[in-house]
Amino acid sequence: MTPEKMRSIIEGLLYLTGEEGLLLDQISKVLSDCPVRDITDTIEKMKADFENDDACGLMVADLPNGYRLTTKPFMAGYAEKFAAIPKSSPLSQASLETVAIVAYKQPVSRITIDEIRGVKSERALQTLMVRGLIKEVGRAEGAGRAILYGVTSTFLDYFGLHSLDEMPPLIEAVKQPNEQLDAYDLFYDKYKETVNNL
Amino acid sequence: MTPEKMRSIIEGLLYLTGEEGLLLDQISKVLSDCPVRDITDTIEKMKADFENDDACGLMVADLPNGYRLTTKPFMAGYAEKFAAIPKSSPLSQASLETVAIVAYKQPVSRITIDEIRGVKSERALQTLMVRGLIKEVGRAEGAGRAILYGVTSTFLDYFGLHSLDEMPPLIEAVKQPNEQLDAYDLFYDKYKETVNNL
Amino acid sequence: MEYKVKIDAFEGPLDLLLHLIKTLEIDIYDIPVAEITDQYLDFIHNMQKLELNVASEYLVMAATLIAMKSRMLLPKPEVYDEAADEPYEDPEETRQTLMQQLLEYRQYKEAAQSLRSGESERLLLFSKQPEDLSEFEREDVTAIPKSERATVHDMMRAFQRMLIRKKLETPLDTKIDRQVLPIGQQMNRVLEDLKRARHPLRFDLLFTKKDRAHIIVTFLALLELMKKDAVFCEQDRNFADIFVSLGKGAALLDTGENAFNY
């Protein structure tokens, strides 16, 4: 298959899947006789070409393990009126802090979040659930069997992240106690594990 | 506005409106300071460029008084191959919308569903039928004797419901989530902004 | 210290404390309890004077700070009385706990900030709806493992998005709707009502219609008028009726047709 043909097929698939996006895996299933390396090279080339061409209103955005065709940022003003996919208003500060805590500490209960923020986070959690940014991932042991929350793949997409690894590390691990550092490592391992399961 | 910029905006809008297409009228509303003649020239140029570029999988097709971006004919086979890949999120947005409407409004005809969704639902209904999530439950009175659809026990099984009573009540479903919460958040943020400027 | 910022600009007592620590250039690892307590209380008092509703969380923190500050002034008891009603709390421990709490909260706040920039960038990108390729799909739904099935929640979300999408399909109309009640116009109306009445009016009487947009716009109009000193609000005690009166700025305010171009 010529590189042009490969590129045209990928472009066509990106168009068809639109907002949903296209996984690298899906592309290589369709182009079963092309090495994955050639596919990613083609897409990187395409990305650069789109970006450098002022006459082109589209761009290829990264997704976790995939790609999505979108309009360029300058188009936002024109696009809002025509996009079939509703754009939501930005998250409130409360929701944003809450989702940050869920992302780093998952699985985490509402009570833990309330404690960290020093205020009730019920409403923020509700908003985040409705927006599909977090989900229930289990129940805590013990009396209340509190709901535990974790982030969803929509979370990554919403914030333009490819994976949770891209979140800035929480370095400010409180000075002193060793105990705390251990806890941090433990938490980090857990968090990595969750990330890999996303 | 430079010809490049004009072209990029038109391309962006064509992409966003997808199969529905875009009326020339709509384009000239957005590009209000560009002569219609320039717009049609740009589109004709774009058409030719897309067609002659083997690395491009898309083409611009004519509509009555408008245009539509679509994949080139050769893409059909690849689209089919793509669609045949089993997906982990198996129901499309279209199918989910449609099955929700059937569940709430059954027995319901295709025309009613089309009206509610604002787009044709034939394919989605077909998919849902093939998958056994909905079935014909009768015929409407009157001229057309339209087919009426309802959900099946597979539907309940698939969504983990014991009975339809477990579906969230429609009024709440419509009013509640996104809109209200976002409106609240939006109001709160605006309010905060005002307060900060005090 | 000036009170340019109001309590509602904070996410909670920890957020307020971080703000104070930053503006007072305090070392977060060595918080001077007396100073931070005074500043915190000062802030809360001023908020109460401005009749802004101070949420209970802020008051609980105030109590904690006061308790810590006063214990620090007292000598440490030589013998702990375990049976006492209120066992002795070492203020130094409380201070350490507070510091850790603040550090932990601050790191999430910073993380939230970086998420915010990701969000802003992402919100500028738009896509089309995916084409419906379902006619090509061949699957037995019941064979799909439970974990991979769509949930009722997914279905509701799809339904919501559809409703919003339909609303957005007539964007021009929506825009006109939104302009029906500009804040400026509502500010004029409130001023006129007050001038006509010649006496203070009860807060809730200014909300003449019960629909949400009207209430929100009227409320924002009141805030704006307060900011411009055109009106002020009075309340005798908690939960009493609030009365709105014309302020000094009212006469200076241009109430022409397009005076407030919001």
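Bear in mind the structure is a predicted one, so any value in this text is a computation, not a measurement. Each chain gets a letter, A, B and so on, in the order its sequence line appears, and its residues count up from 1.
- Both the backbone and the side chain of A:Lys120 come within contact range of chain C, with heavy atoms under 4.5 Å apart.
- The environment of CG in A:Asn65 is sparse: at most 12 heavy-atom neighbours from other residues, nucleotides or ligands sit within 6.0 Å.
- Between C:Leu124 and A:Lys72 the shortest side-chain heavy-atom distance does not fall below 4.5 Å.
- Residue pairs meeting the salt bridge (charged side-chain N to carboxylate O under 4.0 Å, His left out) criterion with at least one member in residues 56-67 of chain C, sequence neighbours excluded, do not occur.
- Among all heavy-atom pairs drawn from C:Gly12 and A:Val119, the shortest one is CA-CG1, 3.5 Å.
- Taking both residues in full, the closest heavy atoms of A:Leu96 and C:Ala112 are given as CD2-O, 3.3 Å, listed atom of the first, atom of the second, then distance.
- The shortest side-chain heavy-atom distance between C:Lys128 and A:Glu20 does not fall under the 4.5 Å cut-off.
- Both the backbone and the side chain of A:Thr71 have a heavy atom closer than 4.5 Å to some heavy atom of chain C.
- Listed for the C:Ser127 side chain is a donor-acceptor partner under 3.5 Å among the backbone atoms of A:Leu69.
- Residues A:Phe155 and C:Leu115 form a side-chain contact, since some pair of their non-hydrogen atoms from C-beta on lies under 4.5 Å apart.
- Considering CD of C:Gln107 and CD1 of A:Ile116, their distance stands at 8.5 Å, rounded to 0.5 Å.
- Within a 6.0 Å radius of CD in A:Glu136, more than 12 heavy atoms belonging to other residues, nucleotides or ligands are found.
- When heavy atoms are compared at a cutoff of 4.5 Å, A:Tyr15 approaches chain C by way of both its backbone and its side chain.
- Under the 4.5 Å side-chain criterion, counting only non-hydrogen atoms from C-beta, A:Glu80 is in contact with C:Phe126.
- The most heavy-atom pairs under 4.5 Å with chain C, out of A:Thr17, A:Leu16, A:Val99, come from A:Leu16.
- With C:Arg116 contributing its side chain and A:Leu91 its backbone, the two residues share a donor-acceptor pair below 3.5 Å.
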Exercise for the section: Check the pair A:Tyr158 / C:Glu119 against side chain to side chain contact (heavy atoms under 4.5 Å, CB included), numbers first and verdict last. Expected result: CA-CA 6 Å; A:Tyr158 184 82; C:Glu119 178 191 50; 2.3 Å; yes
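- When side chains are defined from C-beta on, A:Glu97 counts as touching C:Tyr105, because their heavy atoms get closer than 4.5 Å.
- With a 4.5 Å cut-off on side-chain heavy atoms, C:Tyr108 and A:Arg117 do not count as touching.
- Within the 4.5 Å cutoff, the side chain of C:Gln129 has no heavy atoms near those of the A:Glu19 side chain.
- At most 12 heavy atoms of other shown residues, nucleotides or ligands fall within 6.0 angstrom of atom CD1 in A:Ile111.
- The residue among A:Gly77, A:Pro73, A:Gly132 with the most heavy atom pairs within less than 4.5 Å of chain C is A:Pro73.
- In this structure, no portion of A:Ser121 lies under 4.5 Å from any heavy atom of chain C.
- Near-neighbour residues of residues 41-63 of chain A relative to chain C, defined by a heavy atom under 4.5 Å from a heavy atom of that chain, comprise A:Met59, A:Ala61.
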